[in-house]
Amino acid sequence: MVKGIGPEGKYIYLTGSLTAVNQNLWMDRMEKYRAEKYSNMVNLSPVPKVSEEDQALATQVTIDMLKAYPDLQGIYAMTSVALPGAAEALKKENAYGRVFLTGLSTPNSMREFVKQGVVKEFVLWSPVDLGYLTIYAARAVLAGEANDTTESISGRTSREDPGPRPRTPAR
């Protein structure tokens, strides 16, 4: 986000649900990091905006944010549904030149937005990697190497080559 809006920029989170534990943890950690490293950045809405995992709603919520926060410079879209919805809003409102958008999504849902310059950078969502991480973390918990306050687990930090991975063809 700092690369997109600068160390004194103003941003908002767009999340899927206020009750999604993983998203709340991500945003909490991101805010702590921001406060420590970029204390002049401003979160314009302490309560994240919500898309309820509905892409059309994410589009409308983002359009509403653009109107309500004229000084908005950046949006973190926290889900694979919120990011393409927010990108569609920036495109519709021709705001992608002034509002930096990043988040998490799949390549297929973001391909056109990247090609059109609406989104410059985002995190790729990988169900395979998430599955690996889930099993690795569960094993660490069962082995007594991790608990609900553990922030990192020693050992491998990425999965070793599991062989060929199934690919979904681009459409």
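Note that the structure is a prediction, hence the values are computed from the model and not measured.
- With hydrophobic clusters built from ILVMFWY side chains whose heavy atoms lie under 4.5 angstrom apart, Val119 shares a cluster with Ile12.
- Closest non-hydrogen pair, Pro48 versus Thr15, comes out as CB-CG2, 3.8 Å.
- Going from atom CZ of Phe113 over to atom OG of Ser105 covers 9.0 Å, rounded to the nearest 0.5 Å.
- Minimum heavy-atom separation, Gly16 to Val50: O-CG1, 3.5 Å.
- Connection of Tyr38 to Tyr13 is established within a shared hydrophobic cluster, with ILVMFWY side chains joined at heavy-atom distances below 4.5 Å, either directly or through further cluster members.
- To the nearest 0.5 Å, atom OG of residue Ser51 and atom CD of residue Gln60 are 12.5 Å apart.
- Remark: the Thr149 side chain and the Asn147 side chain contain an N/O donor-acceptor pair separated by less than 3.5 Å.
- Counting Ile, Leu, Val, Met, Phe, Trp and Tyr side chains that sit under 4.5 Å apart, directly or through other members, Leu25 shares a hydrophobic cluster with Val21.
- Residues Arg98 and Ile5 fail the side-chain proximity criterion, which asks for heavy atoms closer than 4.5 Å.
- Note on Leu57 and Leu18: separate hydrophobic clusters, where clusters join Ile, Leu, Val, Met, Phe, Trp and Tyr whose side-chain heavy atoms are under 4.5 Å apart, directly or indirectly.
- Contact check for Leu124 versus Leu104: no side-chain heavy atoms found under the 4.5 Å cut-off.
- Residues Met27 and Val47 are members of separate hydrophobic clusters, defined by side-chain heavy-atom contacts under 4.5 angstrom among Ile, Leu, Val, Met, Phe, Trp and Tyr.
- Of the inter-residue distances, the one linking Arg111 atom CZ with Thr106 atom OG1 reads 9.0 Å to the nearest 0.5 angstrom.
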Review item, side-chain donor-acceptor pairs of residues 73-95, under 3.5 Å, at least two apart:
residue : atom : partner : partner atom : Å
Gln73   : OE1  : Lys10   : N            : 2.7
Thr79   : OG1  : Val81   : N            : 3.4
Thr79   : OG1  : Ala82   : N            : 2.9
Lys91   : NZ   : Gln116  : OE1          : 3.3

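- Glu31 pairs by the salt bridge (charged side-chain N to carboxylate O under 4.0 Å, His left out) definition with Arg34, not counting sequence neighbours.
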- request: For side-chain contact (heavy atoms from CB on, under 4.5 Å), just list the numbers for Thr102 and Val123, CA-CA rounded to whole Å, side-chain angles, deciding distance to a tenth of an Å, and then say yes or no.
  value: CA-CA 8 Å; Thr102 192; Val123 175; 5.7 Å; no

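- Rounded to the nearest 0.5 Å, atoms CG (Asp28) and CH2 (Trp26) are 13.5 Å apart.
- Distance check: Met41 CE to Met1 CE gives 6.0 Å after rounding to the nearest 0.5 Å.
- Contact annotation: the side chain of Phe100 never approaches that of Tyr11 to less than 4.5 Å [non-hydrogen atoms, C-beta and beyond].
- Atoms OG1 and NZ, on Thr62 and Lys67 in that order, are 12.0 Å from each other to the nearest 0.5 Å.
- Residues Leu72 and Leu44 share a closest heavy-atom pair of CA-CD1, 3.9 Å.
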- prompt: Do Tyr96 and Lys120 pass the side chain to side chain donor-acceptor pair (under 3.5 Å) test, and can you show the C-alpha distance, the side-chain angles, and the key distance before you say yes or no?
  reply: CA-CA 10 Å; Tyr96 58 92; Lys120 307 273 190 268; over 6 Å; no

message: Would Val61 and Glu52 count as a side-chain contact (heavy atoms from CB on, under 4.5 Å) here? Give the steps.
response: CA-CA 10 Å; Val61 168; Glu52 297 301 339; over 6 Å; no

query: What's the verdict on side-chain contact (heavy atoms from CB on, under 4.5 Å) for Phe122 and Val114, showing C-alpha distance, side-chain angles and the deciding distance?
result: CA-CA 9 Å; Phe122 69 100; Val114 171; 3.6 Å; yes

